[in-house]
Amino acid sequence: MDKILVTSALIYANGPVHIGHVAGAYLPADIFVRFHRLLGSDIIFVSGTDEHGAPVSIKAEKEGKTPRELVNFYHDQIDKSFAGLNISFDNFSGTARPYHHKISQKFFKALLDKDFVVQKSGQQFYCEHDQRFLADRYVEGVCPFCSADGARGDQCDSCGKLINSIELKEPKCKICGKTPIIKETSHWYLELPKFENMLKEWLTTKSYWKDNVINFIMGWLNDGLIERAITRDIDWGIPLPLPDTEGKVLYVWFDAPIGYISSTVEWADKIGEPEKWKDYWFDPDCKLIHFIGKDNIPFHAMIWPAVLMEQNDPYILPYDIPANEYLNIEGSKVSTSRNYAIWVDEYLKYFNGELLRYVLAANAPETRDADFTWQDFQVRINNELANILGNLANRVFTFSIKFFAGEITKPLSLSVATQTALSEAQAIITEIEACYRNYRVRKTTSLIMDIARIGNRYFDERAPWKAVKTDKSHASETLYLCLELLRMLSIVMSPILPVKMLQLRKMMNLDDEMSWKYIPRDKTVYYISNIETLFTKITDEQIDEQIQLLEKVQPETAPLVHKPEIEYDDFMKMELRIVKVLQAEKVKKSKKLLKLMVKIGSETREIVSGISLSYSPEDLIGKKVVMLINLKPRQIMGITSQGMILAAADKDNNLSLITPMQDIDDGSEVS
RNA sequence: GGCGGCAUAGCUCAGUUGGUUAGAGCAUCGGAAUCAUAAUCCGAGUGUCCGGGGUUCAAGUCCCUGUGCCGCUACCA
């Protein structure tokens with residue numbers, strides 16, 4: 001018997017769940033787990049919310065809550081969303097709980113004692129007013145690269161560039177708004193280079209992994225690994241288990257995967273067998289399987305195994321990491337910051353969770369990004385679930401009741417047509433089993449529908465509505481086989497539609513106990529009663545409503561971060577002029593840069609501008625734009641840039657050059 | 001610029017280690033049937049498998065190259 005420990009990626013507890021999360025990490029895991037429960041495998045399924053880190057603190061402060069209150073709020077909301085989708089975790093924990101703190105500290109200590117974690121000092125912003133070090137995201141200022149406003153300490157949203165936070169210009173503390181100072185601090189680093197060979201060797205045993213996972217990791221390994229800081233200076237996190245380290249916590253990406261363990265420990269406690277978690281985590285025959293989205297590959301396939309390798313306890317390493325791709329919505333990428341997503345709690349206000357399970361299973365992003373459209377949702381529900389499957393059940397049930405009082409017994413012998421239909425179905429079921437094992441949910445779904453199609457075809461060919469008038473046993477046999485198919489379907493499809501399949505079984509007076517091995521066990525008599533519609537159709541109006549909701553989504557207008565007031569003289573220091581673009585060409589070996597020759601009245605100058613993604617050289621030649629003339633020249637890709645062209649950038653970094661409304665001579669000053 | 005991925009029917013996608021005439025569902029068209037949620041079933045058509053070259057008896061599949069899109073990464077305002 002297989003022993004399996006399944007995890008779904010911990011979800012960040014600063015917002016709700018969207019269907020992309022579900023399609024990538026939760027539904028495939030749940031289907032896999034439910035299938036293995038049918039097989040009788042010894043399997044448990046854990047996950048939880050990732051609750052630490054600066055984004056939680058910042059959001060909590062904005063909403064006037066404590067981090068714990070915020071995290072609890074979202075934990076509950078997320079929990080409800082998963083319940084609405086019938087995701088059957090054995091335990092769904094959170095990383096702010098004592099279990100997790102204890103274990104994470106132990107992990108850190110083990111690595112520290114073995115010198116895989118080392119302390120190093122460096123410089124960081126410190127706010128004297130708030131008396132604490134400021135994590136990257138707690139500092140905002142002017143980007144040192146693009147001079148955009150509102151860049152965070154770790155990254156500038158405007159140019160997308162990663163920033164070494166102390167290089168941020170005009171830094172401001174995000175809590176009090178005051179200017180922080182630079183102060184010496186120290187952090188602990190995970191020495192990943194020491195793991196390089198071990199990881200490479202380990203990965204060679206993973207030939208059965210999905211290509212996307214292996215390729216991604218080998219790319220990183222071949223580039224060489226670098227040490228990474230695993231501590232931060234904030235107060236919302238797991239304190240370091242060391243003396244004199246007040247204000248230092250473990251960085252989320254270090255502690256998050258440990259959440260799988262602490263969730264298992266919590267589960268063992270809940271069932272009253274506190275040591276039971278070791279049966280999984282310490283058993284070399286237990287298969288540890290992480291379901292994640294592709295953005296999580298480096299952590300799960302590299303850092304996490306490295307951390308596990310050097311523990312004092314005999315932890316198992318991941319057996320498989322079936323990472324899924326992304327789910328787009330109506331052809332566009334999900335963007336949580338722009339609120340372009342289908343949130344599960346919203347979805348559940350309109351439709352049954354089982355319907356989403358079906359559509360996401362049928363269109364799972366297994367090998368590449370998939371596209372979710374509401375129209376496809378409607379077609380799949382109406383055409384496949386309602387018409388093919390639901391209607392098969394309905395026509396068989398109503399017929400049975402109408403002509404046989406709902407009682408159908410097994411015939412003494414089966415005709416050739418019946419045997420053929422049966423063996424076709426059995427062949428498909430064998431295939432389905434293999435697909436479930438290999439996480440091929442998409443294929444599984446279509447195979448299941450094929451069984452229902454066999455039922456419909458067989459029913460039509462046998463025409464029981466005619467036979468019932470002349471040969472009742474012929475009609476009865478037809479119904480019997482269809483009921484058998486429905487019974488098999490109720491088992492085979494239960495990992496995908498657990499609740500609907502129970503509902504189906506109830507109408508057939510079958511009990512809730514299901515097992516894969518029961519599939520071939522035919523019933524001698526069926527009693528049909530209390531039939532109801534399994535799947536109702538979705539109307540065009542309902543779909544239009546959803547599409548409109550999606551289109552209505554307004555970009556969340558983030559609060560503006562203002563710079564300090566300046567004097568008129570400060571402004572007048574800038575020499576802004578209209579210039580005419582004479583020449584423009586792409587800078588070789590660069591993706592974003594254009595080299596421009598511009599005319600400023602009597603002068604011409606050469607400048608480099610990072611606008612290539614929004615403008616091609618032909619767009620620019622002859623155009624008049626605004627330029628900052630007296631910016632200190634700078635060498636960029638071997639070219640001296642003597643100034644800066646002004647352009648506005650939106651959230652997605654689409655650029656728009658500033659041009660004069662009416663034609664005006666180049667060289668004209670702007671003020 | 002480097003690394004990786006993707007490109008197949010009107011749409012969404014399958015195509016296993018190269019091997020008959022490249023498939024499914026949806027949509028479209030024609031027909032059958034009337035038990036059923038107007039549901040079902042049968043039949044039909046549709047393809048420069050992104051372009052170009054190569055290896056092979058044989059290429060959607062392997063190699064090279066070009067184009068387009070995506071991701072990571074580098075330079076960068």
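In what follows, every chain begins at residue 1, and chains take the letters A, B, ... in the order their sequences are listed. Worth saying up front: this structure is predicted, and the values here are computed from it rather than measured.
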Trainee: Between atom NZ in A:K333 and atom P in B:rC72, what is the gap in whole Å?
Mentor: 8 Å
Trainee: Using the P atom as the reference point in each nucleotide, state the distance between B:rC49 and B:rG23 in Å, no decimals.
Mentor: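 14 Å, rounded to whole Å.
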Trainee: Grab the CG-P distance between A:D295 and B:rG5 for me, whole Å please.
Mentor: 19 Å
Trainee: Hey, is the side chain of A:R380 poking within less than 4.0 Å of OP1 or OP2 on B:rC11, counting only N and O atoms?
Mentor: no
Trainee: How long is the span from the CG atom in A:L327 to the CD1 atom in A:I342, to the nearest 0.5 Å?
Mentor: 8.0 Å
Trainee: Quick check for you: among B:rC26, B:rA39, B:rC35, whose closest atom lies nearest to any side-chain atom of A:V379?
Mentor: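 Selected nucleotide: B:rC26.
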Trainee: Both distances below 3.5 Å, Watson-Crick or wobble geometry, any strand: find the nucleotide opposite B:rA44.
Mentor: B:rU28
Trainee: Could you tell me whether the side chain of A:Y358 reaches within less than 4.5 Å of the side chain of A:I448, counting heavy atoms only?
Mentor: no
Trainee: Return no unless some side-chain N or O of A:K537 is found under 4.0 Å from OP1 or OP2 of B:rA39.
Mentor: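 Yes, such a contact exists.
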Trainee: Give a yes/no verdict on base stacking between B:rC35 and A:W465: centres under 5.5 Å, planes within less than 30° of parallel.
Mentor: yes
Trainee: Can you work out whether A:K294 or A:T367 has the more 5'-proximal nearest nucleotide on RNA chain B?
Mentor: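 It is A:T367, whose closest nucleotide lies nearer the 5' terminus.
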Trainee: Using the side-chain heavy atoms of A:R457, tell me which of these nucleotides is nearest: B:rC42, B:rU40, B:rU37.
Mentor: B:rC42
Trainee: Can you confirm whether A:Y439 sits close enough to A:K210 that some side-chain heavy atom of one is under 4.5 Å from a side-chain heavy atom of the other?
Mentor: no
Trainee: Considering every strand shown, what is the Watson-Crick or G-U wobble mate of B:rA36 when both distances are under 3.5 Å?
Mentor: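 For B:rA36, the partner nucleotide comes out as none, under the 3.5 Å rule.
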Trainee: Can you tell me how far C1' of B:rC41 sits from CG of A:N391, to the nearest Å?
Mentor: 12 Å
Trainee: Tell me the interatomic distance from A:E330, atom CD, to B:rU12, atom P, rounded to whole angstroms.
Mentor: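 Interatomic distance, CD of A:E330 to P of B:rU12: 12 Å.
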Trainee: Among the nucleotides B:rC26, B:rC13, B:rA36, which one has an atom lying closest to any side-chain atom of A:N394?
Mentor: B:rA36
Trainee: Measuring only between side-chain heavy atoms, which start at C-beta, is A:R395 closer than 4.5 Å to A:N456?
Mentor: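 They are in contact (side-chain heavy atoms under 4.5 Å apart), so the answer is yes.
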Trainee: A:R368 near the nucleic acid: base, sugar-phosphate alone, or nothing, with a heavy-atom cut-off under 4.0 Å?
Mentor: base
Trainee: Under a 3.5 Å cut-off for both distances, is B:rC62 Watson-Crick or wobble paired, and to whom?
Mentor: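 Paired with B:rC62, as far as the under-3.5 Å criterion goes, is B:rG54.
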Trainee: Give A:F535 one of three labels, base, sugar-phosphate or nothing, depending on what nucleic acid heavy atoms sit under 4.0 Å from its own.
Mentor: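 Since a base atom lies under 4.0 Å of A:F535, the category is base.
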Trainee: In whole angstrom, give the distance that lies between atom CG of A:D369 and atom P of B:rC6.
Mentor: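 These atoms are roughly 12 Å apart.
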Trainee: A:M627 has an atom CE; how far is it from atom C1' of B:rA77, in whole Å?
Mentor: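 Atom-to-atom, A:M627 to B:rA77, this comes out as 13 Å.
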Trainee: Quantified in whole Å, what is the C1' atom distance between nucleotide B:rC75 and nucleotide B:rG2?
Mentor: 11 Å
Trainee: Given atom CD1 of A:I297 and atom C1' of B:rG4, what is their separation to the nearest angstrom?
Mentor: 11 Å
Trainee: Are the charged groups of A:K294 and A:E325 less than 4.0 angstrom apart, N to O?
Mentor: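 Between A:E325 and A:K294 there is a salt bridge, with a charged N closer than 4.0 Å to a carboxylate O.
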Trainee: Kindly indicate whether the side chain of A:L479, heavy atoms from C-beta on, has any atom under 4.5 Å from the side chain of A:C482.
Mentor: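 Not in contact.
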Trainee: A:T398 side chain: which of B:rA77, B:rC35, B:rG25 is closest?
Mentor: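 From the listed options, B:rC35 comes nearest.
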Trainee: Hey, does A:N383 reach any base, or is it just sugar-phosphate, or nothing, if we go heavy atoms under 4.0 Å?
Mentor: sugar-phosphate
Trainee: For a side chain to side chain contact (heavy atoms under 4.5 Å, CB included) with A:P305, tell me which candidate from A:F299, A:W202, A:F195 qualifies.
Mentor: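 Exactly one candidate clears the test, A:W202.
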Trainee: To the nearest angstrom, how far is A:E325 atom CD from B:rU12 atom P?
Mentor: 17 Å
Trainee: Name the residue closer to the 5' end of RNA chain B, choosing between A:R442 and A:L392 according to the nucleotide with the nearest heavy atom.
Mentor: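 Taking each residue's closest nucleotide, the earlier one in sequence belongs to A:R442.
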Trainee: B:rG71 pairs with which nucleotide, Watson-Crick or G-U wobble, both distances below 3.5 Å?
Mentor: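 Pairing partner, where one exists within any strand: B:rC3.
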Trainee: Would the base of B:rA33 count as contacting A:D460 through its side chain, where contact means a donor and an acceptor less than 3.5 Å apart?
Mentor: no
Trainee: Among B:rA39, B:rA14, B:rC35, find the nucleotide with the atom closest to the side chain of A:R440.
Mentor: B:rA14
